[in-house]
Amino acid sequence: MSTQPAKLLLIDGNSILYRAFFALPPLSNKQGQQTNAVYGFTLMLLKLLQEEKPTHLAVAFDKTKKNFRHEMYENYKGTRQKTPDELAEQFPMIRTLLQAFSIPVIEVDGYEADDIIGTLAKQAEAAELDTRIVSGDKDLLQLVSDKVHALVTRRGITDVDFYDAAAIKERYGGLEPNQIIDLKGLMGDNSDNIPGVPGVGEKTAIKLLNTRASVEEVLAHLDEVSGKKLRENLAEHHADAILSKQLATIVTDVPLDIDISRLVYGGYGVDTVVEVFRTLDFHSLIDKISEEISDSTAADNADVDEDGWTNIEYTRVTSPEQMDKVWRDLGGVTGCVFDFSDEDYHAANVCGVALATRDASFYISFEDELQLTHLQQWLKSAHDKVVFDIKSLAFALDAHGITIHSSGRWNDVKLAAYLLNPTDGEVELEEILARELNIQVPSIKKMAEHREAILCRIAQKLPDLYQHLGSALDAQTLDDLYRNIEMPLSFVLAKMEITGFHVNADRLRAFGDDLLGRIHQLTADIYADAGVEFNLNSPKQLGEILFEKLQLPAMKKTKTGYSTSADVLEKLAPYHEIVQKILDYRQLAKLQSTYVEGLLKVIRKETDRIHTRFHQALTATGRLSSSEPNLQNIPIRLEEGRRLRQVFEPTYDDWYILSADYSQVELRILAHLSGDEALIDAFRSGMDIHTRTASDVFEVAVEDVTALMRRQAKAVNFGIVYGISDFGLAQNLNIPQQEAKRFIEEYFRKFPGVKGYMDDIVQQAKQQGYVATLMNRRRYLPDIRSRNFHLRSFAERTAMNTPIQGTAADIIKLAMVQIDAALTKAQMDARMLLQVHDELIFECPADEMEDLTQLVREKMENAITLNVPLVVDISHGKTWYEAK
DNA sequence: GTAGTCACG
DNA sequence: ACGTACGTGACTACG
């Protein structure tokens with residue numbers, strides 16, 4: 001029997017985990033970093049178990065309340081959704097781990113881990129049980145007493161400082177543990193968003209608390225405080241100090257359905273823990289605790305994934321009879337890996353497909369045409385299928401005359417993984433398998449002779465992977481977005497990519513020839529002005545000419561030298577005639593190289609069409625992007641470039657191009673999200689929003705708004721959407737920062753709801769670690785709690801911008817899905833060609849124009865109901881240029 | 001491969 | 001005092 005004294009260990013799960021998360025060097029792979037954080041947590045846990053030998057043990061986690069965004073989502077859905085569980089989402093493996101260690105996890109709705117620990121510590125004190133609190137947060141020091149001591153993490157992950165009352169006294173200039181809250185009340189805590197009193201830091205606070213024991217007493221005896229400024233600050237921020245103290249005070253009466261007698265810790269089963277370590281790839285930790293492991297356990301599991309890649313048994317289907325066997329054997333969810341090189345998206349040639357369930361694997365070669373007909377049947381069938389990147393499949397299969405439809409019960413792990421981690425950019429299947437299931441896929445290139453086997457093995461893993469990701473989607477209420485928007489949208493986008501945009505190549509070439517002539521003339525003029533020939537395309541050489549040879553005033557520097565960007569050159573134009581010529585050259589050279597030459601390169605000669613590629617799983621906000629070529633940035637702002645749109649024509653002479661764009665969609669979304677009455681009223685009135693903003697901000701009648709006022713108001717509106725800063729606005733408008741600041745302050749005075757929303761959303765991001773769109777699309781913002789001003793500010797602006805930009809993306813995506821369905825249903829010939837963030841481009845026969853206009857308007861304007869109307873402007877013409 | 005620049009929303 | 005507008009992709013120069 002053990003004779004060791006009873007000892008209770010209370011671990012602040014959140015702070016230890018986050019400590020580990022931030023202590024580790026940043027990884028490009030977020031999921032990897034999360035696994036690393038759990039690794040750090042485990043290191044700490046093992047150390048504590050070994051050194052502290054607790055007889056009672058619990059880990060507490062925060063469980064924050066449901067937020068307004070979830071409620072909004074429910075309103076939109078009209079249904080109730082489960083409240084997501086914060087920690088399980090971000091670090092799903094932590095639960096498995098603690099379960100393996102048989103350690104009780106305590107969470108209480110609406111309370112933080114601190115509060116639970118405070119409550120348990122109080123109970124323990126009453127029971128005279130020796131208690132150690134482990135946390136990364138010094139706030140917990142307020143709980144220290146005779147029986148309760150604290151271990152607070154220092155640098156690194158597992159280093160801790162020990163605190164009893166004496167240690168606190170020494171560290172905090174004589175303060176008692178219960179004065180920690182007074183300390184926080186006065187000095188605040190930036191990382192916890194406790195304001196405190198301005199001008200009061202740790203030193204001052206300690207001095208004050210050495211004469212008077214509490215915040216209240218300090219405030220009651222202000223006359224004793226030396227220093228006029230300090231006295232004024234204390235008087236002025238009386239309420240802040242009291243509130244800050246309250247914020248810093250840990251709750252000690254959390255309603256718990258468990259008491260300390262239930263926290264008796266009996267140790268863990270080594271086998272169970274090793275098993276979990278193995279799935280998490282914590283190999284070094286396995287060694288650390290492996291003395292007690294029996295050899296057999298280790299051997300049983302060691303080689304499952306090691307050799308499965310090449311010795312997997314699969315059937316190579318070569319006859320129709322075998323095809324029948326495929327249908328019989330493929331029950332349940334089937335993983336599908338199509339065999340094509342992913343190097344060239346547009347020229348991908350599918351040479352086979354691997355189909356697998358847990359029990360059976362098949363490789364069907366595309367060489368045999370007969371097989372394809374059978375395969376096509378199956379692709380349409382009601383079997384559940386899991387793939388990676390359905391859009392690339394649909395695009396590649398189209399070249400084989402195979403069309404796949406959204407009715408075929410497809411699931412796409414690329415889209416699922418993207419919704420879970422939108423900030424990772426485009427992620428390959430291999431990375432997802434490694435991150436989610438710890439499966440290392442061998443290089444197919446290096447093992448070319450095993451290609452089919454490896455593909456079958458990957459196919460076999462896909463259902464597991466989908467199940468894994470799917471439950472995470474459910475847990476984060478992303479399932480609706482995934483199933484009803486992103487999945488169906490993939491098929492719409494595939495169709496658009498396959499259709500392409502018809503262009504007039506001759507006209508494009510002529511446009512380019514004209515440009516070339518003018519570029520040559522400008523180049524000659526510039527060389528003459530400079531008195532020397534140089535490479536005009538080199539910012540370095542150009543900088544030397546302008547700022548050294550010609551002695552123009554350098555306004556801005558880059559890391560490598562002088563900045564020669566357009567905004568700098570515009571300011572320089574009055575000094576020398578060469579500057580305007582350079583600006584003109586730049587403009588024309590851009591058009592020539594990026595657009596004329598760039599587009600000519602990608603026109604398919606047989607069809608005179610350009611097929612862009614839409615990236616559906618790339619942007620952090622939920623927008624699409626377009627590449628090879630990018631058709632989302634065809635010039636429009638300057639007439640010169642806009643003329644490029646004349647080369648984009650309908651497929652047939654008597655068809656038309658139709659363009660439909662949301663009017664001010666982001667500001668309307670802001671009006672909705674913020675509930676600001678003035679902004680809502682502005683949109684309901686149907687007035688020009690920038691003019692209306694100018695009239696409000698500059699306090700003039702609408703009819704007295706000048707062009708300059710409108711331009712400035714427009715910039716402010718943009719700034720608001722981007723997460724405004726006075727510097728940014730000043731830069732944009734080329735005005736002093738002070739003036740920009742006044743604009744912003746005035747804007748917020750006139751639109752207080754917007755101000756409130758911006759403050760709330762940043763606060764919310766800090767609390768829950770992410771922001772969300774109206775349709776619940778999420779973006780995690782780990783930097784929002786950073787001590788680095790730059791990182792934190794960026795995260796704050798992102799918190800303001802992403803719900804707006806992302807909701808706009810949600811809305812147009814939903815509209816696209818609905819429009820596609822409606823076009824199919826109405827059996828119209830009209831086709832969707834492009835999406836450019838807030839606009840959709842179509843082509844259609846003349847006799848469908850009216851119907852299409854009506855249909856598109858109806859679907860776009862009613863995709864979602866906001867508290868302001870959504871307005872869509874539609875126009876058409878014989879080219880994209882004319883559809884304006 | 002990175003930096004600078006510029007095209008779009 | 002800190003040092004910034006949000007989200008993308010393509011081209012050219014240059015180490």
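Everything quoted here is computed from the prediction, not taken from an experiment. Order of the sequence lines sets the chain letters (A, B, ...), proteins ahead of strands, with each chain counted from 1.
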Rounded to whole angstrom, note down the [atom1] distance from [N] over to [M].
N: dC6(B); M: dG3(C); atom1: C1'; value: 23 Å
N: dT5(B); M: dC2(C); atom1: P; value: 24 Å
N: dA5(C); M: dT2(B); atom1: C1'; value: 23 Å

Select base, sugar-phosphate, or nothing to describe what [X] touches, counting heavy atoms under 4.0 Å on all strands.
X: Ile804(A); value: nothing
X: Ala809(A); value: nothing
X: Ala715(A); value: base
X: Gly598(A); value: sugar-phosphate
X: Val721(A); value: nothing
X: Asn535(A); value: sugar-phosphate

Run the salt-bridge test on [X] and [Y] with the 4.0 Å N-O cut-off and return the result as yes or no.
X: Asp696(A); Y: Arg692(A); answer: yes
X: Glu796(A); Y: Lys766(A); answer: yes
X: Asp759(A); Y: Lys755(A); answer: yes

Check the phosphate of [N] against [X], side-chain N and O only, distance under 4.0 Å to OP1 or OP2. Yes or no?
X: Arg792(A); N: dT4(C); result: no
X: Ser627(A); N: dG9(C); result: no
X: Asn630(A); N: dA10(C); result: no
X: Arg637(A); N: dA7(B); result: no
X: Asn732(A); N: dA5(C); result: no
X: Arg797(A); N: dC6(C); result: yes
X: Ser793(A); N: dG3(C); result: no
X: Arg586(A); N: dT5(B); result: no
X: Gln737(A); N: dT4(C); result: no

Near DNA chain B, under 4.0 Å by heavy atom, which residues of residues 561-572 of chain A?
Ser563(A), Thr564(A), Ser565(A), Ala566(A)

Does any part of the side chain of Phe683(A), heavy atoms only, come nearer than 4.5 Å to the side chain of Leu667(A), both counted from C-beta?
yes

Note every stem involving DNA chain C: at least three consecutive Watson-Crick or G-U wobble pairs, i with j then i+1 with j-1, with both distances under 3.5 Å.
B:1-9 with C:6-14

